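This report refers to the structure that appears directly beneath it.
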2 protein chains.
Amino acid sequence: MQTVGFGQHDHAACVGGGMKAAEDACEAQGLRLTKGRRRVLEILLQEHRAMGAYDILGMLSDEGFAAQPPVVYRALDFLVANGFAHKIQKLNAYIACAHPGDSHTPVFLICRECETVAETAAPLQSTLGEVAEKIGFKIENTIVEAEGMCPTCRDTETAV
Amino acid sequence: MQTVGFGQHDHAACVGGGMKAAEDACEAQGLRLTKGRRRVLEILLQEHRAMGAYDILGMLSDEGFAAQPPVVYRALDFLVANGFAHKIQKLNAYIACAHPGDSHTPVFLICRECETVAETAAPLQSTLGEVAEKIGFKIENTIVEAEGMCPTCRDTETAV
DNA sequence: GGATGACTTGATATAGTATAACATTTGCAC
DNA sequence: GTGCAAATGTTATACTATATCAAGTCATCC
Ligand SMILES: [Zn+2]
Ligand SMILES: [Zn+2]
Ligand SMILES: [Zn+2]
Ligand SMILES: [Zn+2]
């Protein structure tokens, strides 16, 4: 157990579970979880934080992986398109999905101090869809990113 | 009247109203709506669409305005910080606020086909805040961006 | 009026993020 | 094994944003 996100969790299980979920989903849908895609997902799960594409690129490069930007961006496109990872628009960064397998609209809580990101679920989707439908807009995908202060940084701040 | 966003509206009034709201707010809060800031806001209001920083830069340049990237980014930072414009993270673009004066959490409906953006209001903020508070996270600012199909593009698509 | 300090602008350079384009290879269906 | 679609390799380039430091503007205080 170690501290990741805003709390403790069994990180080994969280990495294993994420890989397993991706493998199963690919199997089921006839998708190919190729070497590069797999390695990028492993890195995202292992690090368990929002990472820039070039951060990932650096890690691949250190491992002797062929490492040009398109390699990483293609892998990320695949992972994001299939719900194994999400893009945090606010940070231009990518993070492994915390609820793989479930169909969901993720909500990200982003600490403005330390940039830690926690993924939670949207308690709103239906309402918003109705509002949009009234003006003829069909929502296909919703991004919710909330910026603020995480528990750790709040503690540190008040302590000062 | 002309078609902007997803519907008809009196665009002259909408430009005038936006400038007036900004002027009043600056007056009230002791902010300086300087020449460059004012011109960028005018452009955003006039165009009434999400624009990249370099699109704006190009227009300023055409007018003979001193035109280096920092000029535009500084103006945009000011406008966004004070609620006169918003950044659309999904598009790396900026748009004039459609509800200047009101304190609000904007919700953007972004057409994936034509990239038209409509600003509406969030019917959720309180709920989300409660969820976050339970895990100790203090939300300060929420970004909601919904991607989908606007009425116009839906019509076109079905017509084909 | 001149000194002070906060804020704003000018100008150059550079950092950071992402995609275009095209050749080549791989996996799979027939 | 032929043919096709998907994926990868590789090079180059486009797009977005910030760092830095010098110079100018504006209000305030003495
Ligand atoms: Zn973990
Ligand atoms: Zn997720
Ligand atoms: Zn607004
Ligand atoms: Zn559209």
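The structure presented is a predicted model; accordingly, all values stated were derived computationally and were not measured. Protein chains get the first letters and strands the later ones, always in sequence-line order, with residue 1 at the start of each. What you see below is based on every heavy atom in this structure, not just the backbone, and it leaves out hydrogens, waters and symmetry mates.
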Both B:Q68 and B:K35 contact DNA chain C. Which one's nearest nucleotide lies toward the 5' end? B:K35
Without swapping roles, check the side chain of B:R37 against the backbone of B:F78 for a donor-acceptor pair under 3.5 Å. no
Determine, using ring centers only, whether A:H86 and A:F108 are less than 6.0 Å apart. yes
Return no unless some side-chain N or O of A:T34 is found under 4.0 Å from OP1 or OP2 of C:dT26. no
Classify the angle between the aromatic ring planes of B:Y94 and B:Y73 as parallel (below 30°), tilted (30 to 60°) or perpendicular (above 60°). perpendicular
Please give, in whole Å, the distance from C:dG27 P to A:E27 CD? 16 Å
Check: A:M51 and A:L44 side chains under 4.5 Å, non-hydrogen atoms: yes
Residue B:Y94, side-chain heavy atoms: nucleotide from D:dT10, D:dA17, D:dA19 that is nearest: D:dA17
Ignoring hydrogens and angles, answer whether the base of D:dA14 and the side-chain atoms of B:Y54 contain a donor-acceptor pair closer than 3.5 Å. no
Residue pair A:C150 / B:F137, side-chain heavy-atom distance below 4.5 Å: yes
Would you kindly give the CZ-to-C1' distance between A:F65 and D:dT10, to the nearest whole Å? 16 Å
Contact check, residues 72-93 of chain A vs DNA chain C, heavy-atom distance under 4.0 Å, returns A:Y73, A:R74, A:K87, A:N92
Would you say the side chain of B:R39 lies within less than 4.5 Å of the side chain of B:F65, judging by non-hydrogen atoms? yes
A:P69 vs B:G36, nearer the 5' end of DNA chain C by closest nucleotide: B:G36
Starting at CE of A:M51 and ending at C1' of C:dT17, how long is that distance when rounded to a whole Å? 15 Å
Heavy-atom side-chain contact between B:E119 and B:H104 under 4.5 Å: yes
Taking only nitrogen or oxygen atoms into account, show me every contact under 3.5 Å that the protein makes with nucleotides 3-6 of chain D, one pair per line with its distance.
none

Below 4.5 Å, heavy atoms only, C-beta onward: do B:N141 and B:I139 meet side chain to side chain? no
Could you tell me the separation between the CD1 atom of A:I110 and the OG1 atom of A:T116, rounded to the nearest 0.5 Å? 11.0 Å
CG of A:L31 versus C1' of C:dG27: gap in Å, rounded? 14 Å
